[in-house]
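Everything below concerns the one structure shown next.
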Amino acid sequence: MQKEEKHKVENTQSEEASAKNEKHKKKKGKSLLETMREIDEKEAQQEVEREERLQEQIAKKEQKEREAYEKKIQQDRIELIRLKQGVIEESETIHEEKEEKPKLSFWKRISNFFYHSKWWLWITVFIVAIFGFLAYDYITKVRQDMIVMVLTDDSDLQLMSEELETYFEQFTDDENGDGKIQVDIYMIPVTDDIATMDYYTGNATKLSTQMMLGDAVMVLTDAKANEYIIADETLENMEDLYPNDSNAREQGYYLRHTDFATQIGYEGKVDRDLSLGLRTVTETYDSVEDMQENYDIAKKVLDRIVESLQGTEEPEDVTETTESETEAE
């Protein structure tokens, strides 16, 4: 019994002590740490609320701007339709906006032009340079007034290109008006094996090419060449052109009994069949008119040559002929 009473007394004392401690705590108040924590939580909550209000305001503003933009687009579409249909002539809402270009100084514009156009400028300069070179070459180049083909297997005569040029130029006029007289000599040896050796020499190809063109009308040939080019069909009959001249034959104007060799400085015996001829005007890769023009030039030159050779004699060292040559003539 005493124990129970003692236990009750102890409990009562404990409760009184707890009550006193609680009362003391209330009188003492919250600690500084608790106070700071509460303040931070409150400020954080306020910051969240401000952010939510700000986002809400931004969203409302964007919504209004979007609605206004969509409304303007719709109005512009309606206005554009009215313009296209001719309902109105001018719109108060649709205006052509011209971009205002910044004003640059003169040197700035020049620099800007070169910077943006440098590749085109280089290409233009390159093209102009090429055309300039071609124009200069065309203007300064001496163009031939006549072409003579030398078709013979005489190796000595084949080496006399310059002498033959000088000889023919004295009978030629400045046909192209460039202030100079130029006769080009095309040396094409016609030998027995010209066809089989063409792979190595190209002589047959060169000759056939020239025969298909109308540039070279005058030819210097011998019997072998006349046979190869079929002179009866491709060359003019000299007897028809110069009927009173003993040197004129069907296939050419024969040079053996003239001083042709002396005039060109040829040393030795001229081939008995060496002759000057003119190609018959015919249709080639060039027009007939072009070949006829070249023929008229060559005929004029040949007339002068024939006139200069009439009454002349061959050099003394070639006057003697063999009996077979005399009979053949």
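Given the structure is predicted, the values throughout are model-derived calculations rather than measurements.
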For Glu307, does the CD atom have more than 12 heavy-atom neighbours from other residues, nucleotides or ligands under 6.0 Å away? no
Within 45° cone and under 6.0 Å: Arg249 NZ/CZ vs Tyr254 ring: yes
What closest approach, in Å, do Leu302 and Met238 show between heavy atoms, and which atom pair accounts for it? CD2-SD, 3.9 Å
Is there a donor-acceptor contact under 3.5 Å from the side chain of Asp240 to the main chain of Glu236? no
Linking I/L/V/M/F/W/Y whenever any side-chain heavy atoms sit under 4.5 Å apart, do Tyr295 and Leu213 land together? no
Under the 3.5 angstrom rule, does the side chain of Asp184 hit a backbone N or O of Gln144 as a donor-acceptor pair? no
Donor-acceptor pair, distance only, cut-off 3.5 Å: does the side chain of Asp193 make one with the backbone of Thr196? no
Donor-acceptor contact below 3.5 Å, side chain Asp174 vs main chain Gly177: yes
Indicate yes or no: at least one non-hydrogen side-chain atom of Gln263 is less than 4.5 angstrom from one of Leu309. yes
Are more than 12 heavy atoms, taken from residues, nucleotides or ligands other than Glu293, located less than 6.0 Å from that residue's CD atom? no
Mind listing the closest non-hydrogen atom pair of Leu255 and Ser275 along with its distance? CG-CA, 4.3 Å
Worked check of side-chain contact (heavy atoms from CB on, under 4.5 Å) between Val183 and Met146: CA-CA 5 Å; Val183 174; Met146 188 181 70; 4.2 Å; yes
Does the side chain of Asp145 reach to within under 4.5 Å of the side chain of Ile297, using non-hydrogen atoms? no
Roughly how far apart are Met160 CE and Ile185 CD1, rounded to 0.5 Å? 11.0 Å
Residue pair Pro189 / Asp153, side-chain heavy-atom distance below 4.5 Å: no
Rounded distance (nearest 0.5 Å) linking atom CZ of Arg77 with atom NZ of Lys72: 12.0 Å
Apart from Val190 itself, what residues make up its hydrophobic cluster when side-chain heavy atoms of I, L, V, M, F, W and Y under 4.5 Å apart count as a link, directly or indirectly? Ile147, Met149, Leu151, Tyr186, Ile188, Ile194, Leu207, Met211, Val219, Tyr228, Ile229, Leu235
Check: Asp198/Thr205 side-chain N/O donor and acceptor closer than 3.5 Å: yes
Between CE on residue Met212 and CG on residue Asp286, distance to nearest 0.5 Å: 11.0 Å
Polar contact flag, side-chain donor to acceptor under 3.5 angstrom, Gln310-Asp245: yes
Can you list, by chain and residue number, the hydrophobic cluster partners of Met197 when the side-chain cut-off is 4.5 Å? Tyr199, Tyr200
Verify, without hydrogens or angle tests, whether Thr312 (side chain) and Ser308 (backbone) share a donor-acceptor contact under 3.5 angstrom. no
Do the side chains of Lys300 and Asp296 get close enough for a salt bridge, i.e. N-O under 4.0 angstrom? no
Would you please name every residue forming a salt bridge (Lys or Arg N to Asp or Glu O under 4.0 Å) with Asp192, sequence neighbours left out? Lys224
Looking at side-chain heavy atoms only, is the closest gap between Asp173 and Ile181 below 4.5 Å? no
Taking all atoms of both residues into account, what is the closest heavy-atom pair of Gln210 and Ala216, and its distance? OE1-CB, 4.1 Å
Mind listing the closest non-hydrogen atom pair of Leu278 and Ala298 along with its distance? CD2-CB, 3.7 Å
Got a sec, which residues hit side chain to side chain donor-acceptor pair (under 3.5 Å) with Asp222, two or more places apart in sequence or on another chain? Thr152
Regarding Tyr242 and Asn247, do their side chains bring together a donor and an acceptor under 3.5 Å, going by distance alone? no
One pair to check against ring-ring contact (aromatic ring centres under 6.0 Å, His included): Phe260 and Tyr167. What are the steps and the verdict? CA-CA 9 Å; Phe260 173 78; Tyr167 175 78; 5.2 Å; yes
For the backbone of Glu313 and the side chain of Asp259, can you confirm whether one donor and one acceptor N or O come within less than 3.5 Å of each other? no
Pairs under 3.5 angstrom only: tabulate donor-acceptor contacts from the side chains of residues 53-64 to other protein residues two or more places apart or in another chain.
from, atom 1, to, atom 2, distance (Å)
Gln55, NE2, Glu51, OE2, 2.9
Gln63, OE1, Arg66, NH2, 2.6
Gln63, NE2, Glu67, OE2, 2.7

Just how far is it from atom CZ of Arg50 to atom CD of Glu43, taken to the nearest 0.5 Å? 8.5 Å
For the student: nearest non-hydrogen atoms of Val217 and Met291, plus distance: CG2-O, 4.2 Å
To the nearest 0.5 Å, how far apart are OG1 in Thr221 and CG in Leu274? 7.0 Å
Check this for me: Glu49, atom CD, are more than 12 non-hydrogen atoms of other residues, nucleotides or ligands nearer than 6.0 Å? yes
What residues, two or more places apart in sequence or in another chain, satisfy side chain to side chain contact (heavy atoms under 4.5 Å, CB included) together with Thr124? Val128
Heavy atoms only: give me the nearest Leu159-Glu163 pair and the separation to one decimal. O-OE1, 4.3 Å
About how many Å separate CD of Glu227 and CD of Gln251, when rounded to the nearest 0.5 Å? 9.5 Å
Quick one: does Glu169's side chain get under 4.5 Å of Gln182's, heavy atoms only? yes
